[in-house]
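In what follows, a structure is listed as structure tokens, so that the remarks can point back to it.
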Amino acid sequence: MDHSKVHDQPHTDGTVPHSTDKPHHGWTGHTENPDAFRAEEESIMEAIEVDSPVASIHQVHESTDLEKSATKETQTTHEPVTRTMTAQDWSGPDDPDNPQNWTLFKRAMHIFPIAFLSFAVTAGSSMITPATPEIARHFEVSRTASILSLSLFVLGLGLGPTIAAPLSEKFGRSAVYKSIGPVYMLFIVGSGFTKSFGGLLVCRLLAGMAGGPVLAVGAGTNADLFPPQTRAVSSTFYVMAPFLGPALGPVIGGFAAQFKGYKWTQWCTIFIAIASYAFILPMHETYKKIILKRRAKKLGIAPPPAPQLSALGYAKMLLTITIARPVTMLCTEPIVFFLSLYTAFTFSVLFAFFAAFPYTFESVYHFQTWQYGLTFLGIGIGVLLAAASAIFIDRTVYMKKHHQAVKEGRRQARPEHRLYAAMIGAFGVPVGLFWFAWSARQDVHWIVPVIGGIPFAWGNLMIFVSAALYLIDVYGPMNGASAMAANGLARYGLGAAFPLFAFQMYQRLGIGWATSLLGFISLGLLPIPFVFFKFGPTIRAKSRYETMKFD
């Protein structure tokens, strides 16, 4: 391999060292122990994996040095001799405590519960939307104000990952799932029992914040369980769940609101959360640092190194990682800004539909609440098709490029090859929007605009999966997590805002032109993945941050 072509080589723990030719633009405050600070920072980034459900797929370098050196061989027979038990790293490549050595069934039973819980949380965001007209009447507020019950929940999902870092770092991933489940359900109970509109909004915001960590920490669990070269399928299925939740939530909520009232949208949310939480309870810890700590305590041996920081230093670093650096990257990095803008827009249009679909199918087709809830099934079908498409493209297109790059002596294919799914999916979004815009008429059967949701949802998820992979490949594990945090802030921030003006926009512009306006914006954003595919190497070479080199 020509090492002049590789900017940074990964450590054995998967992190990327900073080279000396570029300054680090993360935390710049003074500490008494900079090395300890950096080690702690990287540890937290490993723990949080902020909103990066498909992080690190197909990274080719795995942790090998410490793991393999733990099993010694004789110089004459090369047969393994006594293995040294240690808590500094795995005792060998076949260490039974390493979650990647668990059976496939056991690993699957640790991915399914967090995917199910992610589905339950995101379904909770949209399940209330069919009940917003009743909420407006019950609390004597405007239709727009009632939609705040959706918007504040979505905003909470964006704020929640800031809670995930300290919890998962100190107590492990399993503890986060097991602790946030009851808290999430308590706030949903509060949403159902509250007597005031303000109480409903506060409980919905706090429920979103309580549920947000599962969306962030779940990516880390996936990385714990599957090595990079086999992680694509599990990652795609995992990221599919949070997209299915908002699509299927109104289907359930429509029946609940129609026949039982708005409070039953919250009770149904709890029923789904309880079912998902039951699968969480048997889960074991998968986070390497916590497993090694417990091993050290059990055997009475030295624990893994843990740099010490003051509480103030830790808090400053945490704020930098989860807020300051993502915001800075969003403002200064063209790749982060434009991909975040694109995914935030498509994500927000999905949430705008929670106001647009009821208006459309009530005013044009005179649907009842339970009927227009069913119209979101088109969105769900699109999500399922996108997951299958993303896996197919990864297996048949990207992996060919990857294997060719390895044969040529490079670590992996250029990150721009991650953009194939986005370049294809980019056409699905405007097609779906224009389809819906001009087919939602009384002289056209209602199934036609419903089908229009399929290409939109398909393109939406294809763009997100591709953008997430590209950001992680470009910026590496640590800065890539900050880039995805920036993406999450943009998506959930804009996603919370869109439903608040969608209803008025559809009233004033009409269904055709309101949806066409969104379609024209999507056409303006369509070239973004194509621009990065062509000019990506030049753009990332000028980054202020450390970027991975592949050329």
Side-chain angles (χ1 to χ4, degrees), residues 119 122-123 125-127 129-130 236-237 239-254 342-343 345-361 364-365 367 370-394 420-441 444-467 491 495 498-499 502 506 511-512 514-523 525-526 529:
F119 169 84
T122 54
S125 68
S126 62
M127 200 174 298
T129 55
T236 302
F237 277 113
V239 75
M240 179 182 68
F243 276 78
L244 270 180
L248 299 185
V251 177
I252 303 169
Y342 198 4
T343 56
F345 172 77
T346 57
F347 186 77
S348 300
V349 171
L350 171 63
F351 280 88
F353 279 168
F354 297 133
F357 271 39
Y359 175 80
T360 300
F361 289 97
V364 177
Y365 298 104
F367 274 21
W370 69 271
Q371 290 174 312
Y372 76 67
L374 289 172
T375 61
F376 285 91
L377 287 175
I379 302 290
I381 293 172
V383 170
L384 294 174
L385 291 176
S389 300
I391 293 174
F392 177 79
I393 292 172
D394 178 84
Y420 292 122
M423 290 188 289
I424 297 172
F427 292 95
V429 173
V431 167
L433 290 175
F434 286 117
W435 184 330
F436 180 85
W438 300 108
S439 63
R441 306 193 312 266
V444 178
H445 194 276
W446 59 264
I447 195 63
V448 179
V450 169
I451 294 174
I454 296 177
F456 164 77
W458 172 79
N460 183 14
L461 183 54
M462 291 278 279
I463 292 168
F464 175 73
V465 169
S466 187
R491 284 188 297 117
F498 262 52
Y506 272 75
I511 298 167
T515 314
S516 293
L517 175 60
L518 300 175
F520 287 126
I521 296 174
S522 70
L523 282 176
L525 297 173
L526 187 149

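No hydrogens, no waters, no symmetry mates; every other heavy atom, side chains included, goes into these values.
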Minimum heavy-atom separation for [X] to [Y], with atom names?
X: Leu244; Y: Gly380; result: CD2-O, 3.7 Å
X: Ser389; Y: Met462; result: CB-SD, 3.6 Å
X: Gly453; Y: Ile379; result: O-CD1, 3.7 Å
X: Gly373; Y: Val251; result: O-CG2, 3.2 Å
X: Asn460; Y: Phe347; result: OD1-N, 3.8 Å
X: Tyr365; Y: Ser439; result: OH-O, 3.4 Å

Check whether [X] reaches the backbone of [Y] with its side chain - one donor and one acceptor, N or O, closer than 3.5 Å.
X: Thr515; Y: Ile511; answer: yes
X: Thr346; Y: Thr343; answer: yes
X: Thr122; Y: Phe119; answer: yes

Output the distance between atom [atom1] ([X]) and atom [atom2] ([Y]), rounded to the nearest 0.5 Å.
X: Leu248; Y: Phe243; atom1: CG; atom2: CZ; result: 13.5 Å
X: Leu518; Y: Leu523; atom1: CG; atom2: CG; result: 11.5 Å
X: Leu526; Y: Ile521; atom1: CG; atom2: CD1; result: 13.5 Å
X: Met423; Y: Ile463; atom1: CE; atom2: CD1; result: 12.0 Å

(message) Under the criterion side chain to side chain contact (heavy atoms under 4.5 Å, CB included), I'd like the reasoning laid out for Trp435 against Ile454: C-alpha separation, chi angles, the key distance, then a yes or no.
(response) CA-CA 10 Å; Trp435 184 330; Ile454 296 177; over 6 Å; no
Name each donor-acceptor pair under 3.5 Å that joins a side chain in residues 350-357 to protein atoms two or more places apart or in another chain, with its distance.
none

Is the Phe520-Phe434 ring centre distance short of 6.0 angstrom? yes
Q) Are the ring centres of Tyr372 and Phe361 closer than 6.0 Å? A) no
- [ ] Verify side chain to side chain donor-acceptor pair (under 3.5 Å) between Thr375 and Trp446, making sure each step is shown before the conclusion.
- [x] CA-CA 9 Å; Thr375 61; Trp446 59 264; over 6 Å; no
_Just to verify, what does Ser522 make a side chain to side chain contact (heavy atoms under 4.5 Å, CB included) with, not counting sequence neighbours?_
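By the side chain to side chain contact (heavy atoms under 4.5 Å, CB included) rule, Ser522 matches Phe345, Val429, Pro430, Leu433.
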